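Here's the structure, in structure tokens; my notes come after.
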Amino acid sequence: MSRGITITNYLVNGNPEGISMSYVSNWTGQAIKIPRNAFLDTKNFPELNRPGVYYLIGSKDDNPDEKLIYVGEANHLFDRITTHLRDETKAFFELIIVFSSKDDNMTVSHTKYLETKILSEIFEKSGFTLINRKDGNRISLPAMVRDEMDTYMDNMKILLPTMGLDLFKPVLKEEKQSFMPKAENLILEVGEIKAQAKLISNGMLVLQGSAMKPVATPALAPTYLKIRNDLIEKGYVRQTDKGMLFLQDYEFTSPSQAGAVILGYSVNGRVFWKNSIGKTLKDLEEEKISLSIGKGLN
């Protein structure tokens, strides 16, 4: 059974829309979320007067729906980010998220390693367009230090979604799955279209090799149609000799969203997705609820 994690949030001025700091228990790292308009107020924050990595987040002026992100590292975070405030090529950002260390053990070598790792792992499905012009500065670290930084990165991946920034590929772990048995896949099969998926805590992960109907119906909701088009445009789904197939796992927010995008028309995902013996997702949920209630009465 996986262990719980304690995350502490501190609102610097008591304002949830203002500067906030986040911590994971028993971790020397720290995260600071700063609205652009409040950044200069952090000049004397010790958290920003040291090495670290940072994210600049905003949107395109001529297309507010296109979200942009820049990833950087610095020996002195406040000074580096201040230069971005004056940089017209980075005028897009309205939010800053910074990661540094509570102690003095983080160096520029560490931050350069983290920057490169972040850039290599950012997942396009996050919905952000990465505007970095290079992949960071590749640096070699001793194995022990590399492992420490990989652990730092793991904690960063835990904190970022709690701060509204989910950038990285979903990793399907036993503890992330919902009520489904460990090895059980769900199947959606309509005509020649067959897809497999697993439930995860924040939605459904459609698995590599699943099929998608080549053409959507005119009645498909525009939001779902956009997801279909993005999947094809970004190469997650491609035409093969076996039809339109997912070339890698892809996360959807719900079974119904996954079903609609795959089939090209709206469906009730809790009825269309079934396990290997034909039980619908709805049936499996009902069984889980009944079992839970039964245990509670004992």
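Numbering of residues begins at 1 and proceeds along the displayed sequence. All figures in this text were calculated on a predicted structure; none of them were measured in a lab.
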Can you tell me how the ring of [X] sits relative to the ring of [Y], calling it parallel under 30°, perpendicular over 60° and tilted otherwise?
X      : Y     : answer
Tyr54  : Tyr70 : tilted
Phe78  : His76 : perpendicular
Tyr152 : Phe99 : perpendicular

Using 0.5 Å steps for rounding, measure from the [atom1] atom of [X] to the [atom2] atom of [Y].
X      : Y      : atom1 : atom2 : value
Lys213 : Ile262 : NZ    : CD1   : 12.5 Å
Asp104 : Met106 : CG    : CE    : 11.5 Å
Leu77  : Thr42  : CG    : OG1   : 9.5 Å
Leu114 : Glu73  : CG    : CD    : 9.5 Å
Leu48  : Asp79  : CG    : CG    : 10.0 Å
Ile158 : Ile5   : CD1   : CD1   : 3.5 Å

Is any side-chain heavy atom of [X] closer than 4.5 Å to a side-chain heavy atom of [Y]?
X      : Y      : result
Gln257 : Thr223 : no
Leu199 : Trp273 : no
Val98  : Glu47  : no
Tyr236 : Val206 : no

Legend entry - Qualifying residue for side-chain contact (heavy atoms from CB on, under 4.5 Å) with Met204, from Ser254, Ser256, Pro255: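 So, applying the side-chain contact (heavy atoms from CB on, under 4.5 Å) to Met204 and each of Ser254, Ser256, Pro255, only Pro255 qualifies.
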
Can you name the closest pair of heavy atoms from [X] and [Y] and give their distance?
X      : Y      : result
Met244 : Pro214 : CG-CA, 3.9 Å
Leu220 : Ser266 : CD1-N, 4.3 Å
Leu247 : Gly235 : CD1-O, 3.6 Å
Leu68  : Phe128 : O-CD2, 3.8 Å
Phe246 : Ala211 : CE1-O, 4.3 Å
Ile57  : Phe92  : C-CE1, 4.2 Å

Legend entry - Distance-only donor-acceptor check, side chains Asp283 and Thr280, under 3.5 Å: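 Their side chains do contain a donor-acceptor pair, which is all the 3.5 Å distance test asks for.
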
Answer with yes or no whether the hydrophobic clustering places [X] together with [Y]; edges join I, L, V, M, F, W, Y residues whose side-chain heavy atoms lie under 4.5 Å apart.
X      : Y      : answer
Leu263 : Ile232 : yes
Leu119 : Ile69  : yes
Leu160 : Ile96  : no
Ile81  : Val53  : no
Met156 : Met149 : yes

Inset, instruction - Please indicate whether Lys90 has more than 12 foreign heavy atoms, meaning atoms of other residues, nucleotides or ligands, lying under 6.0 Å from its NZ. - result: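 Result for NZ/Lys90: enclosed.
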
Inset, instruction - Answer yes or no: does atom NZ of Lys43 have more than 12 heavy-atom neighbours from other residues, nucleotides or ligands under 6.0 Å? - result: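 12 or below, so no.
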
Inset, instruction - For the pair Tyr55 and Leu167, evaluate side chain to side chain contact (heavy atoms under 4.5 Å, CB included) and give the outcome as yes or no after the intermediate values. - result: CA-CA 11 Å; Tyr55 303 82; Leu167 290 172; 3.5 Å; yes

Legend entry - Cationic N near anionic O, under 4.0 Å, Asp230 to Lys226: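 Answer for the salt bridge query: yes.
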
Legend entry - Note: Asp249-Lys198 ion pair, threshold 4.0 Å (strictly below):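 Here Asp249 does not pair with Lys198 in a salt bridge, since their nearest N and O are not under 4.0 Å apart.
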
Test your reading of the model: is there a side-chain donor-acceptor pair from [X] to the backbone of [Y], 3.5 Å cut-off?
X      : Y      : result
Arg228 : Val261 : yes
Asn13  : Asn15  : no
Asn75  : Val108 : no
Asn49  : Phe45  : yes

Pair up each side-chain donor or acceptor in residues 16-36 with any protein partner under 3.5 Å, not counting sequence neighbours, and list the distances.
unit_1, atom_1, unit_2, atom_2, d
Ser22, OG, Asn9, OD1, 2.6
Gln30, NE2, Ser100, OG, 3.1
Gln30, NE2, Ser101, O, 3.0
Lys33, NZ, Met163, O, 3.0
Arg36, NH1, Phe93, O, 3.0
Arg36, NH2, Leu85, O, 3.2

Legend entry - Derivation and outcome, side chain to side chain contact (heavy atoms under 4.5 Å, CB included), residues Glu251 and Leu205: CA-CA 4 Å; Glu251 184 177 333; Leu205 192 70; 3.9 Å; yes

